[in-house]
Undergrad: 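Dropping a structure here in structure tokens format, bear with me for questions.
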Amino acid sequence: MSRTKGRLCAFHLLYQYGFNAPEETEEMISLYFQEHPEVSEQERAFAEKRFRGTLAHLPQIDERLSGCAKGWSINRMNRVDLAILRLAVYELCYETQDVPAGVAINEAVELAKRFSSDKAPSFINGVLGAMVRQ
């Protein structure tokens, strides 16, 4: 099982969630994994745990992000960056036994390099670094 691949799936789901109604969540998850048959059952379980965990703690995650992203409101953030940050904050705050902080931050920066702007990796690294230092 690839945790990186599982995080990628969780990121995709979080990003898509921002464009769908909450009542469409189960159908969205089902369609996503139908379109990605290469994802193993373990990777799917890993991704779904992070996706659902992030949603379950979304108000707390967004509050932490707001406190660490100086000069940036949640509404002003790029949706790709926001999905990456939410996933990383979930892992940093709620998966502490399973994921070292450095790994969560590095994985978030790698997602930003792949899917966002040139400035996103340093922005994400800075926000997550500030959160870890609190």
Side-chain angles (χ1 to χ4, degrees):
M1 181 195 81
S2 167
R3 288 177 169 221
T4 298
K5 192 173 186 180
R7 275 187 195 88
L8 175 64
C9 295
F11 157 69
H12 284 153
L13 290 170
L14 285 167
Y15 179 75
Q16 288 180 11
Y17 179 80
F19 296 97
N20 291 288
E23 60 272 7
E24 296 171 340
T25 300
E26 295 307 315
E27 183 179 0
M28 181 194 74
I29 294 169
S30 178
L31 287 172
Y32 177 82
F33 288 110
Q34 284 176 21
E35 293 171 1
H36 295 88
E38 73 282 359
V39 177
S40 73
E41 285 301 314
Q42 289 176 314
E43 290 161 342
R44 178 180 177 155
F46 184 88
E48 282 195 55
K49 180 180 180 189
R50 272 140 182 82
F51 171 72
R52 293 180 192 283
T54 301
L55 293 185
H57 298 284
L58 200 55
Q60 297 91 344
I61 289 169
D62 284 353
E63 185 176 322
R64 301 252 351 223
L65 279 174
S66 293
C68 294
K70 303 295 182 206
W72 286 85
S73 69
I74 296 294
N75 295 333
R76 194 172 153 223
M77 289 182 194
N78 171 314
R79 287 185 185 216
V80 171
D81 297 349
L82 185 56
I84 293 169
L85 284 165
R86 284 173 167 167
L87 176 59
V89 172
Y90 169 75
E91 286 194 316
L92 288 167
C93 295
Y94 302 99
E95 293 289 336
T96 56
Q97 300 297 325
D98 194 33
V99 182
V103 171
I105 293 170
N106 185 59
E107 291 280 341
V109 169
E110 291 302 316
L111 284 170
K113 286 178 184 176
R114 187 169 171 192
F115 294 103
S116 196
S117 69
D118 291 341
K119 294 181 180 180
S122 60
F123 171 70
I124 286 172
N125 189 52
V127 171
L128 296 175
M131 194 188 82
V132 169
R133 288 188 296 275
Q134 283 185 337

Undergrad: With no hydrogens and no angle check, do the side chains of Glu43 and Ser2 hold a donor and an acceptor under 3.5 Å apart?
TA: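 Note: Glu43 and Ser2 side chains miss the donor-acceptor criterion.
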Undergrad: Testing the basics here: between Leu82 and Met77, what is the closest heavy-atom pair and its distance to 0.1 Å?
TA: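 Scanning both residues, the minimum pair turns out to be CD1-SD, 3.9 Å.
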Undergrad: Do any N or O atoms from the side chain of Arg114 and from the backbone of Glu110 form a donor-acceptor pair under 3.5 angstrom?
TA: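 Pair absent, no side-chain N/O of Arg114 close to backbone of Glu110.
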Undergrad: Yes or no on side-chain contact (heavy atoms from CB on, under 4.5 Å) for Ile84 and Leu14, after CA distance, side-chain angles and deciding distance?
TA: CA-CA 8 Å; Ile84 293 169; Leu14 285 167; over 6 Å; no
Undergrad: Mark yes or no for whether Glu24, through its side chain, and Ala21, through its backbone, hold a donor-acceptor pair below 3.5 Å.
TA: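 Here the side-chain-to-backbone pair exists.
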Undergrad: Find the distance between NZ (Lys113) and CD1 (Ile124) and round it off to the nearest 0.5 Å.
TA: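 Separation between the atoms: 11.5 Å.
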Undergrad: What pairs with Ser66 under side-chain contact (heavy atoms from CB on, under 4.5 Å), at least two apart in sequence or on another chain?
TA: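 So Ser66 forms a side-chain contact (heavy atoms from CB on, under 4.5 Å) with Ile74.
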Undergrad: Closest heavy-atom contact between Tyr32 and His12?
TA: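 Looking at all heavy atoms of both residues, the shortest contact is OH-ND1, 2.8 Å.
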Undergrad: Specify whether Trp72 and Phe123 have parallel, tilted or perpendicular ring planes, treating 30° as the upper limit for parallel and 60° as the lower limit for perpendicular.
TA: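 If you compare the ring of Trp72 with that of Phe123, the planes turn out tilted.
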Undergrad: Got a donor-acceptor contact below 3.5 angstrom from the Arg79 side chain to the Gly18 backbone?
TA: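 Side chain of Arg79 to backbone of Gly18: a pair is present.
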Undergrad: Cation over ring, Arg50 on Phe46, under 6.0 Å and within 45°?
TA: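 Arg50 over Phe46 ring: yes.
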Undergrad: Do Arg3 and Glu107 sit within salt-bridge range, that is, some charged N less than 4.0 Å from a carboxylate O?
TA: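 Looking at Glu107 together with Arg3, the answer is no, because their closest N to O distance does not fall below 4.0 Å.
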Undergrad: May I ask you to decide if the ring planes of Phe51 and Tyr17 are parallel, tilted or perpendicular, using 30° and 60° as cut-offs?
TA: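 Plane angle over 60°, so perpendicular.
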Undergrad: Taking atom CD of Glu27 as the centre, report whether more than 12 heavy atoms of other residues, nucleotides or ligands fall under 6.0 Å from it.
TA: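 No - once you tally the heavy atoms of other residues, nucleotides and ligands closer than 6.0 Å, there are 12 at most.
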